Amino acid sequence: RSARAGAPVGFFHFPQEHQAYLFAVEAVRDLVEREPMSSVAVIARDLDSAGRFCALLADVPEARLVQHGEFSFEPGIDVTDVDNVKGLEFDYVIIVDATRGAYPDTAEARRRLHVAVTRAAHQLWVVSSGSASPLVAGRASPPAGPQA
């Protein structure tokens, strides 16, 4: 449940990881075109995953991989991991790997996912593939695309 009013949370599930990533890449491209002055955080479970996703955005000049808390706080797309976003807020947040492997049903995974989902000021999208995290399972929307 959402603790505050606003745009609904988008949950999107795909059978394969590459399908989820393609969806998320297109959503990010569309979002930056429609909302060029917004701050977008693409949050992955770890820096390796964030780096792999950021490589898919190589042709998007607004996308940047953020490591060790080195945020520019400028409009654009910050691709990073959960550990880097604690205490920060972004207009849009996309969690790209809400899978059982990334967020199993444990206290630590629940804490990390809580940190990630509470960074969104305007809208949150949660994308999963394969076996969705039990912390978000059953909430998937049809992949029609996020709305601002």
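Keep in mind the model is a prediction, meaning the values are calculated, not measured.
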Asker: Backbone N or O of Val66 within a donor-acceptor pair of the Thr80 side chain at under 3.5 Å?
Answerer: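 Yes, the answer is positive, given that a donor and an acceptor are paired below the 3.5 Å cut-off.
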
Asker: Assess whether a salt bridge exists between Arg110 and Asp105, defined as any Lys/Arg side-chain N lying under 4.0 Å from an Asp/Glu carboxylate O.
Answerer: yes

Asker: Is there side-chain contact between Ser129 and Thr99, with at least one heavy-atom pair below 4.5 Å?
Answerer: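 A side-chain contact exists here, since the closest heavy-atom pair is under 4.5 Å.
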
Asker: Tell me, do Asp83 and Asp46 make a side-chain contact under 4.5 Å, heavy atoms counted?
Answerer: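 SC-SC contact between Asp83 and Asp46 ruled out.
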
Asker: Taking Arg119 for its side chain and Val93 for its backbone only, find out whether a donor-acceptor pair lies under 3.5 Å.
Answerer: no

Asker: Taking the side chain as C-beta and beyond, is there a heavy-atom pair between Ile95 and Val117 under 4.5 Å?
Answerer: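 When only atoms from C-beta onward are counted, Val117 and Ile95 do touch, with a gap below 4.5 Å.
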
Asker: I need the Asp97 CG to Ser128 OG distance, nearest 0.5 Å.
Answerer: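 Interatomic distance, Asp97 CG to Ser128 OG, rounded to 0.5 Å: 10.0 Å.
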
Asker: Enumerate the salt bridge (Lys or Arg N to Asp or Glu O under 4.0 Å) contacts for residues 55-67, please, sequence neighbours excluded, ordered by first and then second residue.
Answerer: Arg29-Asp59, Arg64-Asp78

Asker: Mind checking the OH-CD spacing from Tyr21 to Glu26? Nearest 0.5 Å is all I need.
Answerer: 15.5 Å

Asker: Any side-chain heavy atom of Val42 within less than 4.5 Å of one from Ile77?
Answerer: yes

Asker: Using modelled atom types and a 3.5 Å cut-off, is there a donor and acceptor pairing between side-chain atoms of Asp91 and backbone atoms of His122?
Answerer: no

Asker: What are the two closest non-hydrogen atoms of Ala98 and Val126, and how far apart are they?
Answerer: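 In terms of heavy atoms, the two residues are closest at CB-CG1, 3.4 Å.
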
Asker: Apply the test side chain to side chain contact (heavy atoms under 4.5 Å, CB included) to residues Trp125 and Val96: give CA-CA distance (whole Å), side-chain angles for both, the deciding distance (0.1 Å), then the verdict.
Answerer: CA-CA 8 Å; Trp125 303 316; Val96 292; over 6 Å; no

Asker: Does one hydrophobic cluster hold both Leu56 and Phe12, with members joined at side-chain heavy-atom distances below 4.5 Å?
Answerer: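 Yes: a chain of side-chain contacts under 4.5 Å links Leu56 to Phe12.
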
Asker: Between Leu65 and Gln67, is any pair of side-chain heavy atoms under 4.5 Å apart?
Answerer: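 Yes, their side chains come closer than 4.5 Å.
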
Asker: Can you name the nearest heavy-atom pair linking Pro75 to Pro36, along with the distance?
Answerer: CB-O, 3.7 Å

Asker: List the residues meeting side chain to side chain donor-acceptor pair (under 3.5 Å) with Thr106, not counting sequence neighbours, and say none if there are none.
Answerer: none

Asker: With a 3.5 Å distance limit and no angle check, can you tell me whether Ser49 reaches the backbone of Arg45 through a side-chain donor-acceptor pair?
Answerer: no

Asker: What is the ring orientation for Phe90 with Phe71, classed by angle as parallel under 30°, tilted 30 to 60°, or perpendicular over 60°?
Answerer: tilted

Asker: For a 4.5 angstrom cut-off between non-hydrogen side-chain atoms, does Val60 reach Val25?
Answerer: no

Asker: Would you say the side chain of Gln16 lies within less than 4.5 Å of the side chain of Gln19, judging by non-hydrogen atoms?
Answerer: yes

Asker: Out of curiosity, does Val32 fall in the hydrophobic cluster containing Val127 (side-chain heavy atoms, cut-off under 4.5 Å, transitive links)?
Answerer: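 Yes, because Val127 and Val32 connect within a single hydrophobic cluster, where side-chain heavy atoms sit under 4.5 Å apart.
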
Asker: For Glu33, look at atom CD and say whether over 12 heavy atoms of other residues, nucleotides or ligands are found less than 6.0 Å away.
Answerer: no

Asker: Can you label the angle between the Phe23 ring and the Phe14 ring as parallel, tilted or perpendicular, going by 30° and 60°?
Answerer: tilted

Asker: Would you say Leu47 and Ile43 are hydrophobically clustered, going by side-chain heavy atoms of ILVMFWY under 4.5 Å?
Answerer: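 No, Leu47 does not connect to Ile43 through the hydrophobic network.
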
Asker: Just jot down the side chain to side chain donor-acceptor pair (under 3.5 Å) partners of Glu74, sequence neighbours excluded, or say none.
Answerer: none

Asker: What is the minimum heavy-atom distance between Leu135 and Pro104, and which atoms define it?
Answerer: CD1-O, 3.7 Å

Asker: Side chains of Leu124 and Tyr92, heavy atoms from C-beta outward: is any pair under 4.5 Å?
Answerer: no

Asker: Can you get from Val85 to Leu113 by hopping between Ile, Leu, Val, Met, Phe, Trp and Tyr side chains that sit under 4.5 Å apart?
Answerer: yes

Asker: Spell out, as yes or no, whether a donor-acceptor pair under 3.5 Å connects the side chain of His13 to the backbone of Gly130.
Answerer: yes

Asker: Does this structure show an ion pair linking Asp30 with Arg34, if we count only N-O contacts that are shorter than 4.0 Å?
Answerer: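 Yes.
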
